[in-house]
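Each residue takes its place number in the sequence, starting with 1.
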Amino acid sequence: MAVSSFMVPLGTPASDFSLPALGGGTVSLADHAGAPALLVAFVSNHCPFVKHLEKALGAFAEEFPQLAVVAVCSNDTSVAPDDGPQGLREQVARTGWTFPYLIDADQSVARAYRAACTPDFFLYGPDGALVYRGSFDDSTPGNGRPVTGERLRAAVTDTLAGRPVPEPHHPSMGCSVKWTPGNEPS
């Protein structure tokens, strides 16, 4: 069943994180201090909503070299085994993603960011405050609309130009985060 973003209030500060990266090492929020914008994308390997746009997301990130991007997988792998490290490596191989792919095994980062679904996008400005949360574009699996990234592209373009991102923002829609029992957001 598809679920939508929680639409966290604009201005919310980016929550601190330090997570293992699929390619090795650890990536933290502090690693992106000074970036003109940071995109935190909650994604997964198994979800058809993510698969629908994953190649476009990789191309999108390449369009904005000044944009810091991290992908985070927070799904419980006992519920979604394809979201384990091997499945995520296969996803990176088929998409060509070059940004860090982080594993949030205890789901603390998904809870802190109030991620609801995959994909779920959170864009932060240079001061670390949330400037956009919402969808990549109007396209979802089966609706016949092309994957363009137009909503997120407009938000990133405005943010990098120092302009506010106009509302309304449209919630992202996707597969629910596969929560470990007891970790569900309240």
**Request:** Determine the minimum heavy-atom distance between A112 and S15, stating which atoms define it.
**Result:** O-OG, 3.5 Å
**Request:** Inspect cysteines C175 and C47 and report if their side-chain SG atoms are under 2.5 angstrom from one another.
**Result:** yes
**Prompt:** Under a 4.5 Å side-chain heavy-atom rule over Ile, Leu, Val, Met, Phe, Trp and Tyr, are V50 and V147 clustered together?
**Reply:** yes
**Under 3.5 Å: donor-acceptor pair, side chain of N75, backbone of K178** = yes
**Asked** Would you say V27 and L22 are hydrophobically clustered, going by side-chain heavy atoms of ILVMFWY under 4.5 Å?
**Response** no
**Request:** May I ask you to say whether E167 pairs ionically with R151, meaning some side-chain N is under 4.0 Å from a carboxylate O?
**Result:** no
**Message:** Same cluster or not: L123 versus F64, using hydrophobic residues (I, L, V, M, F, W, Y) connected whenever any side-chain heavy atoms lie under 4.5 Å apart?
**Reply:** yes
**Message:** For a quick check under 3.5 Å, do D106 and S108 share a side-chain donor-acceptor pair by atom type?
**Reply:** yes
**Request:** Enter the distance from Y132:OH to H169:NE2 here, rounded to the nearest 0.5 Å.
**Result:** 6.5 Å
**Request:** Mind running side-chain contact (heavy atoms from CB on, under 4.5 Å) on V177 and R111 for me, showing each step along the way?
**Result:** CA-CA 10 Å; V177 171; R111 288 178 54 84; over 6 Å; no
**Message:** For residues F99 and V72: do they belong to one hydrophobic cluster (side chain heavy atoms under 4.5 Å, members Ile, Leu, Val, Met, Phe, Trp, Tyr)?
**Reply:** no
**Prompt:** Side-chain donor-acceptor pair under 3.5 Å between S172 and D120, yes or no?
**Reply:** no
**Request:** Hey, could you give me the OG/CG distance between S74 and L19, rounded to the nearest 0.5 Å?
**Result:** 7.5 Å
**Request:** Write down the atom of R114, the atom of F6, and the distance for their closest heavy-atom approach.
**Result:** O-CD1, 3.0 Å
**Request:** Please step through side-chain contact (heavy atoms from CB on, under 4.5 Å) for the pair L102 and F17, ending with a clear verdict.
**Result:** CA-CA 10 Å; L102 312 180; F17 63 83; 3.8 Å; yes
**Message:** Distance check, rounded to the nearest 0.5 Å: Q66 atom CD versus T159 atom OG1?
**Reply:** 11.0 Å
**Prompt:** Just by modelled atom types, is the N143 backbone N or O under 3.5 Å from a matching donor or acceptor in the D138 side chain?
**Reply:** no
**Request:** Kindly compute the distance separating NZ (K51) from OG1 (T95), expressed to the nearest 0.5 Å.
**Result:** 11.5 Å
**Test item: V40 and L29 side chains (from C-beta on) under 4.5 Å apart, heavy atoms** = no
**Message:** Looking at every heavy atom in both Q91 and Y101, which two are closest together, and how far apart are they?
**Reply:** OE1-OH, 2.6 Å
**Prompt:** Where is the tightest heavy-atom contact between A116 and S4, given as atom of each residue plus distance?
**Reply:** CB-O, 3.5 Å
**Any side-chain heavy-atom pair of I103 and C73 under 4.5 Å** = no
**Prompt:** Do L130 and L160 sit in the same hydrophobic cluster, where Ile, Leu, Val, Met, Phe, Trp and Tyr count as joined when their side-chain heavy atoms come under 4.5 Å apart?
**Reply:** no
**Prompt:** How are the rings of F42 and F122 set to each other: parallel, tilted or perpendicular (split at 30° and 60°)?
**Reply:** perpendicular
**Prompt:** Is there a donor-acceptor pair under 3.5 Å between the side chain of D31 and the backbone N or O of S28?
**Reply:** yes
**Request:** May I ask you to decide if the ring planes of Y113 and Y124 are parallel, tilted or perpendicular, using 30° and 60° as cut-offs?
**Result:** perpendicular
**Message:** Please find the pair of heavy atoms, one from A115 and one from W179, that lie closest to each other, and give the distance.
**Reply:** O-CZ2, 3.4 Å
**Request:** For S18 and T26, work out which heavy atoms get closest and say how close.
**Result:** OG-CG2, 3.1 Å
**Message:** Would you compute the distance between atom CZ of R94 and atom CZ of R89 and round it to the nearest 0.5 angstrom?
**Reply:** 13.5 Å
**Request:** Could you tell me the separation between the CG atom of L152 and the CG atom of L57, rounded to the nearest 0.5 Å?
**Result:** 8.0 Å
**Request:** Test side-chain contact (heavy atoms from CB on, under 4.5 Å) on C117 and S5 and set out the steps.
**Result:** CA-CA 6 Å; C117 55; S5 308; 4.3 Å; yes
**Message:** Does anything in residues 62-84 form a salt bridge (charged side-chain N to carboxylate O under 4.0 Å, His left out)? List the pairs, not counting sequence neighbours.
**Reply:** E63-R153
**Request:** Decide yes or no for L10 and R133: does some side-chain heavy atom of the first lie under 4.5 Å from some side-chain heavy atom of the second?
**Result:** yes
**Counterpart residues, ring pair (Phe, Tyr, Trp, His ring centres under 6.0 Å), relative to F136 (two or more places apart)** = F60, F121
**Request:** Would you check, one step at a time, whether the test side-chain contact (heavy atoms from CB on, under 4.5 Å) holds for V156 with L39?
**Result:** CA-CA 9 Å; V156 169; L39 176 64; 5.7 Å; no
